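A quick write-up on the structure given underneath.
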Amino acid sequence: MEFFIAEEVKQRIPHFKIGLIEYDHIQVSESPQMLKGRLRFFQESIFFDLENKNAAELDGIREWREVFKRVGTDPNRYRSSNEALFRRVQKQQYLQSIHSAVDLNNFFSLKYEIPLGIYDRNKIKGSITLKIGENDDSYDAINGRQVNLENKLVTCDANGPFGSPYVDSKRTAVQLSTTSALHIVYLKPSMRTEEAKKLLEAMANMFVQIHGGDARQQIFA
């Protein structure tokens with residue numbers, strides 16, 4: 001799959017890098033009890049860890065708040081998806097199970113403190129470009145709202161915007177019928193490439209353990 005990062009993004013964010021994991025021949029299902037239990041236990045652990053802390057102090061959230069500022073997004077008004085998850089957990093609004101792909105995506109986001117997107121590859125048309133959104137960039141988001149993406153990082157295919165480290169669209173959402181998927185991993189800019197490769201490999205291995213199929217990963221900078 002062809003993936004491009006707009007030059008404006010590279011200029012505004014030093015050391016910016018993105019990980020892509022492509023999955024084929026997978027089977028999405030109700031989450032196994034092991035994943036449900038692990039996600040719940042992990043959220044409870046995070047809740048106690050954050051009792052006397054501000055979520056914005058966590059390294060991953062701090063870095064992504066800075067990324068948002070650099071592209072023109074106010075991080076106090078528009079939370080990155082990883083920060084939104086941590087703040088829900090901090091309020092004990094624990095995540096409910098959706099299905100295996102979304103649940104694992106949320107687990108990865110909490111574990112690595114980064115935004116991620118999981119998409120149905122069969123709903124993505126042509127190459128993908130990550131850019132800074134313009135005034136007419138918008139979509140129906142998975143949170144049920146129409147989201148304007150001006151001055152926000154956004155991924156676009158031949159049919160327009162479909163994803164963001166803010167909130168994703170309904171158009172390319174993974175369903176139980178999904179057999180090919182794409183993980184977009186918004187890495188910490190400070191992360192070294194070798195460390196990022198190991199992270200992607202660990203994510204891909206765990207995803208395939210639960211969903212079957214095979215995976216291949218790349219890093220773009």
Side-chain angles (χ1 to χ4, degrees), residues 13-19 21 30-118 141-145 147 149 151-154 163-168 173-174 183-192 195-196 198-207 209-210:
I13 310 165
H15 312 298
F16 187 77
K17 57 182 75 69
I18 287 286
I21 310 174
E30 179 182 349
S31 286
Q33 195 57 46
M34 174 276 295
L35 177 56
K36 289 181 182 179
R38 191 168 181 180
L39 182 58
R40 175 69 184 212
F41 176 77
F42 195 44
Q43 291 179 84
E44 291 172 351
S45 298
I46 290 171
F47 170 75
F48 288 113
D49 287 345
L50 290 178
E51 273 193 301
N52 299 308
K53 293 181 183 177
N54 185 335
E57 296 172 3
L58 297 172
D59 288 345
I61 293 175
R62 178 177 49 76
E63 286 197 47
W64 270 93
R65 287 177 68 88
E66 181 60 29
V67 168
F68 270 34
K69 288 178 185 177
R70 286 179 178 270
V71 300
T73 307
D74 180 356
N76 294 314
R77 184 178 180 188
Y78 303 102
R79 310 280 192 201
S80 60
S81 59
N82 58 328
E83 181 172 353
L85 289 181
F86 272 92
R87 290 188 179 276
R88 282 189 60 177
V89 171
Q90 197 167 26
K91 296 175 183 176
Q92 284 188 298
Q93 297 174 354
Y94 295 150
L95 306 172
Q96 299 301 309
S97 178
I98 305 298
H99 56 59
S100 55
V102 167
D103 291 356
L104 190 54
N105 188 70
N106 288 335
F107 175 78
F108 288 150
S109 188
L110 291 169
K111 180 177 176 63
Y112 298 114
E113 300 177 7
I114 55 175
L116 295 103
I118 183 77
I142 56 175
N143 60 11
R145 300 174 184 172
V147 174
L149 298 156
N151 294 325
K152 299 179 182 72
L153 286 175
V154 58
S164 172
Y166 168 49
V167 64
D168 287 320
V174 169
H183 240 141
I184 296 184
V185 184
Y186 295 94
L187 299 159
K188 298 175 188 176
S190 65
M191 181 174 280
R192 293 177 291 107
E195 185 182 359
K198 291 179 181 178
L199 184 151
L200 292 182
E201 184 176 357
M203 285 179 53
N205 287 342
M206 188 170 178
F207 194 94
Q209 284 173 7
I210 291 175

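Remember, it's a predicted structure, so these values are computed and weren't measured experimentally. By convention here, the first residue in the shown sequence is residue 1. These numbers come from the heavy atoms of this one structure, side chains and all, not from hydrogens, waters or symmetry mates.
In this view, Ala84 and Arg79 satisfy the side-chain contact (heavy atoms from CB on, under 4.5 Å) rule, not counting sequence neighbours.
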Hey, can you pull the donor-acceptor pairs under 3.5 Å for the side chains in residues 32-44, sequence neighbours left out?
from  : atom 1 : to    : atom 2 : distance (Å)
Lys36 : NZ     : Glu30 : OE2    : 2.8
Arg40 : NE     : Glu44 : OE2    : 3.0
Gln43 : OE1    : Leu95 : N      : 2.7
Gln43 : NE2    : Leu39 : O      : 3.3

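A donor-acceptor pair is defined here as one N or O able to donate and one able to accept, closer than 3.5 Å; such a pair exists between the side chain of Gln90 and the backbone of Leu50. Of the possible donor and acceptor atoms, none in the side chain of His183 sits under 3.5 Å from a partner among the backbone N and O of Ala204. Checking side-chain atoms of Asn105 against main-chain N and O of Ala101 turns up no donor-acceptor pair under 3.5 Å. Counting only distance, with no hydrogens or angles, the side chain of Lys69 and the backbone of Asp74 share no donor-acceptor pair below 3.5 Å. For the pair Ser164 (side chain) and Leu153 (backbone), a donor-acceptor distance under 3.5 Å is present.
To the nearest 0.5 Å, atom CZ of residue Arg192 and atom NZ of residue Lys17 are 10.0 Å apart. With values rounded to the nearest 0.5 angstrom, Leu187 atom CG is found 8.5 Å from Leu116 atom CG. Put simply, CD1 on Ile118 and CG on Leu104 are 8.0 Å apart, with the number rounded to the nearest 0.5 Å. Between the CD atom of Glu195 and the CG atom of Leu200 there is a distance of 11.0 Å, given to the nearest 0.5 Å. Of the inter-residue distances, the one linking Tyr78 atom OH with Leu149 atom CG reads 10.0 Å to the nearest 0.5 angstrom. The CZ atom of Phe16 sits 12.0 Å away from the CZ atom of Arg70 when rounded to the nearest 0.5 Å.
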Worksheet item: Passes side-chain contact (heavy atoms from CB on, under 4.5 Å), Thr73 versus Arg65? Steps please.
Response: CA-CA 9 Å; Thr73 307; Arg65 287 177 68 88; over 6 Å; no
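Considering only heavy atoms from C-beta on, Val89 stays 4.5 Å or farther from Leu85 through its side chain. In this structure, the side chains of Asn82 and Tyr186 stay at 4.5 Å or more apart for every pair of heavy atoms. Between Glu63 and Ser80 there is no side-chain heavy-atom pair separated by less than 4.5 Å. Looking at heavy atoms from C-beta onward, Phe86 lies in side-chain contact with Leu58 at the 4.5 angstrom threshold.
Between Val67 and Pro189 the shortest heavy-atom distance is CG2-CG, 3.8 Å. Taking all atoms of both residues into account, the shortest heavy-atom contact from Ala196 to Met191 is CA-SD, 3.5 Å.
For Ser97 and Asp103, the side-chain atoms include at least one donor-acceptor pair closer than 3.5 Å.
Note on residues 47-61: pairs passing salt bridge (Lys or Arg N to Asp or Glu O under 4.0 Å), not counting sequence neighbours, are Asp59-Arg62.
Tyr112 and Phe108 have tilted rings, their planes meeting at an angle from 30° to 60° on a 0 to 90° scale.
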